[in-house]
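Working notes, structure below.
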Amino acid sequence: MKSLSRRIVGHAWLWLPALLALLMMLPRILSAQFGLMDDGVIAMNAENYKGVLFLTDFDLAGRFRPVYWQYYSGLYRLIGANPWIFYLLHAAMFTAIVALVILLVRRLGGNRMQAFIAGIVALSAGPVIENFYTLSKGEPLQTFFVLAGLLVIQSLAGSKTKWGRVLIFCASALMFVLASLVKETFVVMPAVGLAWVGLGWLLKRWPSAQVDMRLRAMLAAALFVAAVIFLAAALPTMTIRQSGNYATRYDLNIARLFESLIGWRAWFTRDFLFCLPLAALFAVQLFFRKPGPAPIAALDALVFLAAWLIVFLPWEFTVEYYLLMAAMGAAVFSGVVGGGWISQFPLLRPGWKAGTALLAAAACYLWLATLPNLWNNARLQLTIDRVNQQMVEFLAENVPANGTVMVNLSPGAEYLDELDYHLAYFYNRADIQVKIFQFQTPQNSADSVDYWLVTPAVVNKPVYSVRFGFLETAQQRANRLLVDFMAPAEAAFTGGYHQWIVRPLQPVCWILRSAGACQEGSRWISRLPLEYRWDIYHWRGNWAGQSRTGIVTLGGLWRLSQEDGTLREVQFGSGSEFPLAGDVNGDGQADLVLFDPAEGTWQFDTDLDGAADLSLVFPENGSSSWPLLGDWDGDGRDSPAVFEQMSKVWWFYDEGGHLLQTLTAGLAGDIPLAGDWNGDGRDTIGVYRPDSGEVDLENELTGPLSGVDFYAPTNSQPVAGHWAGLPLETLAFFSDGAWQPYYWNRDGEPVLQPEGFSLGATGDRPLAGRW
C-alpha cells in the first residue's frame, strides 16, 4: 500500500496539465456571461422545442446534430439562465480532454514525459480559449467523444475474452456515434481510420513501430460503423430542403480551396508554427533510428492533424475554434517527439546533440510565442462578453414596454438575432422589437419615431483572435455617420486593456526583409491598447421638423408633398426657368422661386398662389450661372446666390439684391450646393460632382472646394434639406423619381442605405422644403 501511494505521489506531476486546465477556466467561471454568439439560440430552442429528441438546425436547414442540441439546450432546460454552471461544466470537460490526451499518449506506448508534454501543449493550444471561454461550440463535446472513443478501443489489446472485446468495440463505436451527432465534420474520421490502417501496414516491419494491425482494423471498423449510423439517421433530415442545405456551403472549386488554404495557413502560423522544427527534429530521430518511445504515434498524430485541417478547406469560413481537434493532434505529436528527444538526447553524438538542441529550442521559442496570444484571446473574450452583457442589461432595464431597439450592424450579423434572443429569454423582455438601423425617420404627419440605437466599436483588434460580430474598419466607417444624425450617446459601455502581441518571426526580419510579418511598422512585441465598446443613443423625431419633397415638371407645375401625404399643385412659371425653394420672408415656410439665367431675373412666390410677389434682377451674371438660395448672414431669411460655372465665381446677395461678397472655388463641371451643413444657423456652400459622386462641403463661405467629404450616388440631382428634422441640413439624391436621402455630411458607409422616397419622374426638377 505504501509503495502504491509513493507511485501516485511520485507521478502526480503527470496530471499537472489537467489541474492547470481547471485553473485556466477560473477567470471564466468568475466572470460568467452568456455571449452574443449562438448562446441565445440555445435558450430559444430549449423553450420552443421542448420534448423534441432529434433537434435539427432550423436556421441552417439540413443540419443534423441532436447530441449537440440535447447537451446545450437540455442543460438550459435543466439549470436555466445560469451561465456560471455552464462554464463549470465546460471546465470539467476541458480538464477531462487534457487528461484524455495524457492517457492516450500513455496507452500508445509513450513515457510519462511524452504524455506530460502532450498535456501541456493541449492545454495551451490556440483554439482552446474560444472553445471553452464561450458556450455553444460543438468542438469541445466532439473532441471529448473522439478522444474517449480512441482511448476505449486501446483497451482491446488487454482484453482476454471475446465478449469483453465486443463490449469494448461497442463502447468505442458509441463514443464515435455521439461525436458524429455533435458535428458533421466527424465524417473525416473514417478516412483517418483507413489512413492509420495503411500507415500500420507500411510500417509493420519497422522494429520501433510495434504495430497492432488488428487493433487498427477494429478502430477503422468502429469509425465506419459510427459514420454509417450517422448517415442513416441524418440523410432523411438533410434532404428536406436541398436549396438551403448546410452542406451546400461547402465549395470545392480550386479558387476557393486556394483562398481557404491561405486563410488556414495564417492560423497555422499563429498557433502551430512550433510543429515545423519538431517535424525536423522527428526526421533527425528517424534518420538515426532513435525516435524514442511510440514513434508511430507521432505519425498517427500527423495524419489526424492533417485530416482535421483538410476537412475545413472547402468550408466558407476560416476561424480558429474549428481547429480544436487539429490542436489535439498537434499536442500528441509534440509530446511524442519532444519527450522522445529528451529520452534519447544522452545517446546522440555531440554534433547531433547541438543540432537537435537548436531545433528543440526553436520549437520551445515558437510555442512560448503562442502563449501571449492565448492570454490576449482570454482577456478579449472576457472583455467582449462583459461589455455585451452590460449593454443588454441597460436595454432590458431602460427601454419602455413594446419599445424598439435598432442595431447598427449589417443584415445577417449574429449579434442582431442574438440580442433579440437574450432580451427575450434571459431578461424576459420579449416585448422589445429588435431591428436593423436604416436611419429610420417619420414618414407622415401621424408618425413619430422613438427608438434606442446600439452600435458597437473596437479599436486595435488583432486580425487573428476570437470571433467578433462585426469588422473593425467597416464599423468605424458606419459609426462616423451617426455624428450628424444622433444627439450625444445616452450611455456607453467600454472595456479595454493593453495587449501583448508577439510576432515570433520578427527577430529574423534581417533575412526576410519586408515579407509577411516583417512588413514596415511591425514589432516583435507590441503593447497596443485595445478598446471594445457599445454606444447607446435614444432618438426621437416627428414629421414637423422634416423637409418634404417637391418636384417641378417640364411644364412648370409644382407638386409639393403636404403633411397629410397629399400633393399640392401650383402652376408657377413656364418650365423654362430654374426652380428653387427657400424661406425668403422668414415665416418658417418654404417659398417658390424662379430664376431666368438668360435675363438674370428672380421671381418669388411667398404665398404659393402661382404669382410672383417679388422680383430681383442681377444683370452682371452670365447665361451659365447656376442659382442658389441660402441664409448667408444667419438672419432667418434666404437670399440669392449665383455660381458662374465658367469662371467658378460665387456671388452672394442679401434680400434686397445687394452684393454681400464673392469668392472663387470649385472645379469645372461642379453642381453647386447650399445648406446649413453644421446646424449653426448659417448656410454655406458645397459642390457635387455627378460623374464621380464626390461631395465637398464647407462650413464657411470660403473655398477651395477641391477635396471630397464623402461619396454619393453618381449622375443624380442633389437636394439639400432637413431630411431628419435636425438643425443641420443634409442631402438627398434624386434620379428618375426615386429619392435617396443621406443623413450625414461626412465620409463613411452605412450598414444599410436609409429608406428612400418616391415622387416625380425623369425630367422633373426636385425640391425640398416645409410647405
Whether Gln499 side chain and Asn460 backbone form a donor-acceptor pair below 3.5 Å: yes

Less than 6.0 angstrom separating the ring centers of Tyr76 and Tyr72, yes or no? no

Does CZ belonging to Phe144 count more than 12 external heavy atoms closer than 6.0 Å? no

Do Leu181 and Phe230 have side chains that get closer than 4.5 Å, going by heavy atoms? yes

Is any side-chain heavy atom of Val188 less than 4.5 Å from a side-chain heavy atom of Ile310? no

Do any N or O atoms from the side chain of Ser172 and from the backbone of Phe169 form a donor-acceptor pair under 3.5 angstrom? no

Donor-acceptor pair between Glu418 and Asn388 side chains, under 3.5 angstrom: no

Side-chain heavy atoms of Tyr133 within contact of Val128, under 4.5 Å: no

Quick one: does Ser73's side chain have a donor or acceptor within less than 3.5 Å of a partner on Ile42's backbone? yes

Exam field: side chain Glu130 to backbone Glu320, donor-acceptor pair closer than 3.5 Å: no

Please verify the inter-ring angle class for Tyr415 with Trp534; under 30° counts as parallel, over 60° as perpendicular, anything in between as tilted. tilted

Within 45° of the six-membered ring axis of Tyr464 and under 6.0 Å from that ring's centre, is NZ or CZ of Arg270 located there? no

side-chain contact (heavy atoms from CB on, under 4.5 Å) between His90 and Ile29: does it pass, once the steps are laid out? CA-CA 9 Å; His90 250 31; Ile29 295 170; over 6 Å; no

Between Phe145 and Val67, is a side-chain contact (heavy atoms from CB on, under 4.5 Å) present by the stated rule, with each step listed? CA-CA 11 Å; Phe145 285 132; Val67 170; 4.1 Å; yes

Contact between Leu89 and Met93 at the side-chain level, heavy atoms closer than 4.5 Å - yes or no? no

pair Leu261-Arg265: side-chain heavy atoms closer than 4.5 Å: no

Using a 4.5 Å cut-off on heavy atoms from C-beta on, say whether the side chain of Leu409 contacts that of Leu416. no

Can you tell me how far apart CG (Leu150) and CZ (Arg107) are? Round to the nearest 0.5 Å. 12.0 Å

Measure the acute angle between the ring planes of Phe268 and Phe272, then classify it against the limits of 30° and 60° as parallel, tilted or perpendicular. tilted

Residue pair Val225 / Ala173: nearest heavy atoms and the distance that separates them: CG1-CB, 4.5 Å

With distance as the sole test, does Ser180 use its side chain to make a donor-acceptor pair with the main-chain N or O of Val177 at under 3.5 Å? yes

As a quick check of understanding, evaluate side-chain contact (heavy atoms from CB on, under 4.5 Å) for Phe176 and Ile229, giving each step before the final call. CA-CA 10 Å; Phe176 294 144; Ile229 293 174; over 6 Å; no

Is it true that Arg65 and Glu184 make a salt bridge, defined as a side-chain N closer than 4.0 Å to a carboxylate O? no

Checking Gln114 side chain against Pro293 main chain: does a donor-acceptor pair fall under 3.5 Å? yes

Examine Phe468 together with Tyr532 and report whether their ring centres are nearer than 6.0 Å. yes

To the nearest 0.5 Å, how far apart are CH2 in Trp341 and CD1 in Ile117? 9.0 Å

Can Gln389 and Asp385 be counted as having a side-chain donor-acceptor contact under 3.5 angstrom? no

Is His422 reaching over with its side chain to a backbone N or O of Gly35, donor-acceptor style, under 3.5 angstrom? yes

More than 12 foreign heavy atoms under 6.0 Å from CH2 of Trp500: is that the case here? no

So how far is it from Thr356 OG1 to Ile342 CD1, rounded to the nearest 0.5 Å? 11.0 Å

Working to the nearest 0.5 Å, report the span between CG of Asp38 and CD of Glu414. 5.0 Å

Is it true that a side-chain atom of Gln142 and a backbone atom of Lys183 form a donor plus acceptor pair closer than 3.5 Å? yes

Val387 versus Arg533: any side-chain heavy-atom pair under 4.5 Å? no

Nearest non-hydrogen partners of Val392 and Leu419, listed with the distance: CG2-CD1, 3.7 Å

Using 0.5 Å steps for rounding, measure from the CZ atom of Arg386 to the CD atom of Gln33. 8.0 Å

Do side-chain atoms of Ser260 reach the backbone of Arg256 as a donor and acceptor pair under 3.5 angstrom? no

Exercise: do Tyr322 and Trp315 side chains pair donor with acceptor under 3.5 Å: yes

If you look at every heavy atom in Leu199 and Asp300, which pair is closest and at what distance? CD2-OD1, 3.3 Å

For residues Leu374 and Ala125, report the shortest heavy-atom separation together with the two atoms involved. CD1-O, 3.3 Å

In terms of heavy-atom contacts, Pro504 and Tyr365 come closest through O-OH, 2.6 Å

Looking at Phe34 versus Phe86, is the centre-to-centre ring distance below 6.0 Å? yes

Using the side chain to side chain contact (heavy atoms under 4.5 Å, CB included) definition, which of the options Val121, Leu359, Val337 pairs with Leu278? Val337

Over 12 foreign heavy atoms within 6.0 Å of CG, Leu22: yes

So, does Ser31 use its side chain to make a donor-acceptor pair with the main chain of Pro27 at under 3.5 Å? no

Any chance you could measure Ile501, atom CD1, to Ile525, atom CD1, to the nearest 0.5 Å? 11.5 Å

side-chain contact (heavy atoms from CB on, under 4.5 Å) between Tyr68 and Ser136, intermediate numbers included: CA-CA 9 Å; Tyr68 168 86; Ser136 312; 3.7 Å; yes

Nearest heavy-atom neighbours spanning Leu530 and Pro462: CD1-CD, 4.0 Å

Any side-chain heavy atom of Leu505 sitting closer than 4.5 Å to one from Leu273? yes

